[in-house]
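Below, each value reflects all heavy atoms present in this structure, side chains not excepted, and no hydrogens, waters or symmetry copies. Numbers here are sequence positions counted from 1.
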Amino acid sequence: MKKLSEYLFIDPYPVTGDGEIKILYKGKLTVSRQNKLFVYYGYGRDLVWNYVDQRQMEGSSQGFLATIKVRGNDQLNICFHDDQGHWDNNKGRNWSLIISKKGC
């Protein structure tokens, strides 16, 4: 897995369009293993996100894991929240990944 920050790992990297990626999160929301944790994601630049979705993450010995399908060839934006209303959006910057064209 590619380490993108102290708390976020992605596989495979670089991210390509029309594939799947595994997301491993070890951030501040993992302190309470009692809460459900979700990856919240969308596509686009700046603060305009399209095709917004979320997926519940599964706890593991390494952190919380989810697999998502990647759409398009733009930018994937990611943040996290739990079922208690707590968010981790990378200090307001979210995590953003440029999506490479398939096969490049």
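- Of all the heavy atoms in W49 and C79, the pair that sits closest is CH2-SG, 4.2 Å.
- Heavy atoms from other residues, nucleotides or ligands lying under 6.0 Å from CD of Q84 number more than 12.
- Screening residues 70-87 for salt bridge (Lys or Arg N to Asp or Glu O under 4.0 Å), with sequence neighbours left out, gives R45-D74.
- When all heavy atoms of D88 and G27 are compared, the pair lying nearest together is OD2-CA, 4.3 Å.
- In this structure, L76 and I68 have side chains that are in contact, with non-hydrogen atoms separated by less than 4.5 Å.
- With contacts defined as side-chain heavy-atom distances shorter than 4.5 Å, the pair L8/N90 does not qualify.
- Between S60 and L65, the shortest heavy-atom contact is OG-CD1, 3.9 Å.
- Y13 and M1 sit in two unconnected hydrophobic clusters of ILVMFWY residues. Membership requires side-chain heavy atoms under 4.5 Å apart, directly or through other members.
- With contacts defined as side-chain heavy-atom distances shorter than 4.5 Å, the pair I10/W95 does not qualify.
- Grouping the Ile, Leu, Val, Met, Phe, Trp and Tyr side chains by contacts below 4.5 angstrom, directly or via other members, places L29 apart from F9.
- No continuous path of hydrophobic side-chain contacts links L24 to I21 [ILVMFWY only; heavy atoms under 4.5 Å].
- Taking both residues in full, the closest heavy atoms of A66 and Q56 are given as CB-O, 4.3 Å, listed atom of the first, atom of the second, then distance.
- In the hydrophobic cluster analysis, where Ile, Leu, Val, Met, Phe, Trp and Tyr join through side-chain heavy atoms closer than 4.5 angstrom, Y41 is grouped together with V15.
- Separation of atoms CE (M57) and CZ (F38) is listed at 11.0 Å; rounding is to 0.5 Å.
- Considering only heavy atoms from C-beta on, Y25 stays 4.5 Å or farther from V39 through its side chain.
- Of the residues listed (Q54, K36, H86), the one engaging H81 in a side-chain hydrogen bond (donor to acceptor under 3.5 Å, both in side chains) is Q54, and it is the only one.
- Across all non-hydrogen atoms, the minimal contact from P12 to E20 is CD-O, 3.4 Å.
- In this structure, the side chains of I23 and T67 stay at 4.5 Å or more apart for every pair of heavy atoms.
- Using a 4.5 Å heavy-atom cutoff, the side chains of L97 and V70 are not in contact.
- Residues W87 and V52 share a hydrophobic cluster, clusters being chains of Ile/Leu/Val/Met/Phe/Trp/Tyr side chains in contact below 4.5 Å.
- Annotation: side chain of I78 is not in contact with side chain of Y40 (no heavy-atom distance under 4.5 Å).
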